[in-house]
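Each remark here refers to the structure printed beneath this line.
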Amino acid sequence: MYKALIIFFMITNIVSAQILPQDKQLHIGGTYMLSTATAALVYNKTGDKKKATICGLIIPMVAGIAKEIYDINHGHPDLNDILANTVGSCMGVVTIRITL
């Protein structure tokens, strides 16, 4: 019975369902990288954790919101992209805060 279930799941697409669409994963990953780079750069220049945290949150969010404003006229704007950007920015700042 177990072998039949394994073969069934290998054949069907039930196992390969994504929780997050690829577009949202790209938004999270992009803002995560921008957030960690910004927070690390600001911390290395100033030595202030609070300033690094604030800049690490704000700069990627401004870039994400600017991209969505651009998408209003030139693409497909999506408010969920801003939510994904927020998640990525927060994850980046938390990563930097842990390592400092």
Side-chain angles (χ1 to χ4, degrees):
M1 182 65 182
Y2 292 114
K3 290 180 184 179
L5 284 174
I6 291 172
I7 292 171
F8 172 75
F9 285 125
M10 289 174 63
I11 294 171
T12 63
N13 287 332
I14 294 172
V15 179
S16 65
Q18 284 187 345
I19 295 173
L20 288 174
Q22 185 178 5
D23 178 54
K24 303 305 178 258
Q25 292 175 10
L26 292 172
H27 278 273
I28 291 171
T31 53
Y32 174 82
M33 291 178 4
L34 186 58
S35 178
T36 54
T38 303
L41 182 65
V42 170
Y43 182 75
N44 286 338
K45 294 287 183 183
T46 65
D48 187 6
K49 286 184 181 182
K50 185 176 180 180
K51 189 180 283 188
T53 302
I54 291 169
C55 289
L57 284 173
I58 291 176
I59 291 176
M61 289 304 301
V62 167
I65 291 171
K67 187 251 181 212
E68 291 306 313
I69 291 172
Y70 176 81
D71 280 349
I72 290 173
N73 295 325
H74 299 96
H76 177 68
D78 187 5
L79 292 178
N80 290 331
D81 289 347
I82 295 174
L83 179 62
N85 292 338
T86 304
V87 170
S89 295
C90 292
M91 287 173 40
V93 168
V94 167
T95 302
I96 291 298
R97 292 287 295 204
I98 288 172
T99 59
L100 297 179

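Every side chain to side chain donor-acceptor pair (under 3.5 Å) that T53 has, sequence neighbours left out, goes to R97. Contacts of M91 classified as side chain to side chain contact (heavy atoms under 4.5 Å, CB included), with partners at least two apart in sequence or in another chain: I28, Y32, V87. In this structure, the side chain to side chain contact (heavy atoms under 4.5 Å, CB included) partners of L41, at least two apart in sequence or on a different chain, are K45. Among residues two or more places apart in sequence or in another chain, the side chain to side chain donor-acceptor pair (under 3.5 Å) test is passed with K49 by none.
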Mind listing the side-chain donor-acceptor pairs of residues 73-80 below 3.5 Å, one per line with the distance, residues two or more places apart or on another chain?
{"residue": "H74", "atom": "ND1", "partner": "Y70", "partner atom": "O", "Å": "3.3"}
{"residue": "D78", "atom": "OD1", "partner": "N80", "partner atom": "N", "Å": "3.2"}
{"residue": "D78", "atom": "OD2", "partner": "K24", "partner atom": "NZ", "Å": "2.8"}

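Nearest heavy-atom pair, A63 versus L34, reported as atom, atom and distance to 0.1 Å: CB-CD2, 4.1 Å. The nearest pair of heavy atoms linking S35 to G88 is CB-O, 4.4 Å. Residues V93 and G56 approach most closely at CG2-C, 3.6 Å, considering heavy atoms.
Linking Ile, Leu, Val, Met, Phe, Trp and Tyr whenever their side-chain heavy atoms come within less than 4.5 Å leaves I59 and V42 in two separate clusters. Criterion: ILVMFWY side-chain heavy atoms under 4.5 Å apart, direct or through other members. Under it, I54 and V62 are part of a common hydrophobic cluster.
Checked by atom type and distance alone, the side chain of T36 never pairs as donor or acceptor with a backbone atom of G92 at under 3.5 Å.
Summarising the geometry, atom CG belonging to N85 is positioned 8.0 Å from atom NZ belonging to K67; distances are rounded to the nearest 0.5 Å. Separating the OG1 atom in T38 from the CD1 atom in I96 is a distance of 9.5 Å, to the nearest 0.5 Å. Here the CG-OG1 distance, from L26 to T31, works out to 10.5 Å after rounding to the nearest 0.5 Å.
Residues I82 and M61 are in side-chain contact: their nearest non-hydrogen atoms beyond the backbone lie under 4.5 Å apart.
Listed by first then second residue, pairs satisfying salt bridge (charged side-chain N to carboxylate O under 4.0 Å, His left out) with a partner in residues 50-61 number zero, not counting sequence neighbours.
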